[in-house]
Amino acid sequence: IKEDGDKAMFDLGIYGVHPEIIKLIGSLKYRTSYTQSNYSHSIEVGFLAGMMAAELGVNTKVARRAGLLHDLGKALDHTIEGGHAVIGADFAKKYGESPDVIHAIKAHHEDEKPNSVLAYLVQSADALSGARPGARRENMDSYVSRLQELETIGNSFDGVIRTFALQAGREVRVLVE
C-alpha cells in the first residue's frame with residue numbers, strides 16, 4: 001500500500017505529503033466506485049487538474065496535489081460517519097495540507113460551496129474522469145455497443161469485407177473487395 005502511494009506521488013511529481021496520507025492514497029487501489037478503481041481515478045484527476053491549471057496559468061503542482069487527494073475520504077468512509085469529501089478534507093487538514101487543497105477536497109461534491117479556481121478545477125477533473133468512455137462499466141458497455149453498431153453499418157454495404165471502428169468511433173477503417 002505504501003509503495004502504491006509513493007508511486008502515485010512520484011508519477012504526479014508531488015512531494016512533502018504526510019506518510020499517513022500516502023498510505024491512504026495507496027489503499028485506494030483496493031477500493032472501487034461504480035467499478036472504477038479509486039486509485040487510478042485519483043491519479044487521473046490529478047493529471048487532469050494539472051493540465052487544466054497549466055492552461056489557466058494556475059499552480060499546476062497544487063492542482064495535481066488537490067486532484068490526487070480529492071477522494072482521500074473514500075479510504076476512510078467505511079469507518080467514519082459522513083461523506084467522503086468532508087472526511088477526506090478533515091484528514092488532510094489533520095496532516096498539514098494547505099487550506100486551498102482542503103477546500104478543493106471538501107468542495108468537489110459541493111459539501112462546501114467552491115470559492116476558488118482550484119476547487120472548480122478539481123470538481124471539473126473529477127467529473128471528466130468519471131464520465132469518460134470506459135471509466136465505468138455501464139459506460140463501457142454502451143461504448144462497446146456503439147462501436148459495434150458503427151462496424152455493423154459499415155459491414156452492411158456491398159463489397160465490404162470488414163469494418164473497424166477506431167479512436168472511440170471517430171475513425172472507421174473499411175476493407176473492401
Side-chain angles (χ1 to χ4, degrees), residues 1 3-14 25-75 77 83-85 88 101 104-105 107-111 114 116-177:
I1 287 173
E3 286 176 14
D4 290 328
D6 287 337
K7 183 179 181 331
M9 299 300 150
F10 179 79
D11 289 349
L12 285 163
I14 298 171
I25 292 296
S27 74
L28 289 175
K29 190 169 187 175
Y30 305 98
R31 303 256 326 181
T32 59
S33 181
Y34 302 101
T35 72
Q36 185 180 28
S37 162
N38 289 136
Y39 178 78
S40 298
H41 166 71
S42 292
I43 292 170
E44 184 173 55
V45 171
F47 278 120
L48 289 169
M51 286 189 287
M52 290 188 291
E55 291 296 318
L56 296 173
V58 176
N59 187 324
T60 58
K61 289 181 181 182
V62 174
R64 286 194 308 262
R65 186 181 198 109
L68 177 65
L69 301 183
H70 84 285
D71 272 349
L72 190 63
K74 286 188 176 183
D77 65 357
H84 76 273
V101 170
I105 294 169
H108 84 274
H109 286 305
E110 301 217 8
D111 290 290
S116 68
V117 172
L118 180 63
Y120 282 110
L121 285 175
V122 171
Q123 198 176 54
S124 299
D126 182 38
L128 285 170
S129 174
R132 70 170 169 73
R136 297 178 174 175
R137 184 166 292 143
E138 63 266 10
N139 288 345
M140 184 63 158
D141 292 341
S142 65
Y143 171 73
V144 170
S145 175
R146 187 168 54 89
L147 293 181
Q148 288 172 334
E149 287 176 29
L150 286 171
E151 290 176 352
T152 300
I153 291 168
N155 290 334
S156 70
F157 291 92
D158 291 336
V160 173
I161 298 171
R162 183 77 201 266
T163 304
F164 300 95
L166 306 170
Q167 296 182 1
R170 289 186 295 273
E171 179 180 332
V172 179
R173 294 201 181 161
V174 181
L175 299 177
V176 296
E177 287 184 9

Checking Val172 against Glu151 for the side-chain contact (heavy atoms from CB on, under 4.5 Å) test, could you report, in this order, the C-alpha distance in whole Å, the side-chain angles of both residues, the deciding distance, and whether it holds? CA-CA 8 Å; Val172 179; Glu151 290 176 352; over 6 Å; no
Apply side-chain contact (heavy atoms from CB on, under 4.5 Å) to the pair His41 and Arg31, showing each step before the final yes or no. CA-CA 11 Å; His41 166 71; Arg31 303 256 326 181; over 6 Å; no
Report the C-alpha separation of Leu69 and Ile14 in whole Å, then their side-chain angles, then the decisive distance to 0.1 Å, and conclude whether the side-chain contact (heavy atoms from CB on, under 4.5 Å) test is met. CA-CA 11 Å; Leu69 301 183; Ile14 298 171; over 6 Å; no
Could you walk me through whether Ile1 and Tyr30 satisfy the side-chain contact (heavy atoms from CB on, under 4.5 Å) test, starting with their C-alpha distance in whole Å, then the side-chain angles of each, then the deciding distance to 0.1 Å, before giving a yes or no? CA-CA 9 Å; Ile1 287 173; Tyr30 305 98; 3.9 Å; yes
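Contact detail for Ser37 and Leu28: the closest heavy-atom pair is OG-O, 4.5 Å. In terms of heavy-atom proximity, Leu48 sits nearest to Leu128 at CD1-CB, 4.1 Å. Scanning both residues, Arg64 and Gly13, for their nearest heavy atoms gives NH2-O, 4.1 Å. Residues Phe47 and Asp11 come closest through the heavy atom pair CZ-O, 3.5 Å. Scanning both residues, Ser116 and Ala119, for their nearest heavy atoms gives OG-N, 3.0 Å. Closest heavy-atom contact between Ala66 and Leu118: CB-CD1, 4.0 Å.
Distance alone, capped at 3.5 Å, places no donor-acceptor pair between the Asp71 side chain and the Lys74 backbone. Ser156 places a side-chain N or O within donor-acceptor distance of the main-chain N or O of Ile153, the cut-off being under 3.5 Å.
Between the OG1 atom of Thr163 and the CZ atom of Arg173 there is a distance of 12.5 Å, given to the nearest 0.5 Å. Between Asn155 atom CG and Phe164 atom CZ the span is 8.5 Å, to the nearest 0.5 Å. Taking CZ from Arg65 and CD1 from Ile105, the interatomic distance works out to 9.5 Å, rounded to the nearest 0.5 Å.
Residues Leu12 and Lys61 fail the side-chain proximity criterion, which asks for heavy atoms closer than 4.5 Å. In this structure, Val62 and Val101 have side chains that are in contact, with non-hydrogen atoms separated by less than 4.5 Å. When side chains are defined from C-beta on, Tyr39 counts as touching Lys7, because their heavy atoms get closer than 4.5 Å.
The side-chain contact (heavy atoms from CB on, under 4.5 Å) with Ile25 is formed by just one residue from the set Asp6, Leu72, Ile43, Asn38; it is Leu72.
In this view, Asp4 and Lys29 satisfy the salt bridge (Lys or Arg N to Asp or Glu O under 4.0 Å) rule, not counting sequence neighbours.
Side-chain polar atoms of His109 and His70 form no donor-acceptor pair below 3.5 angstrom.
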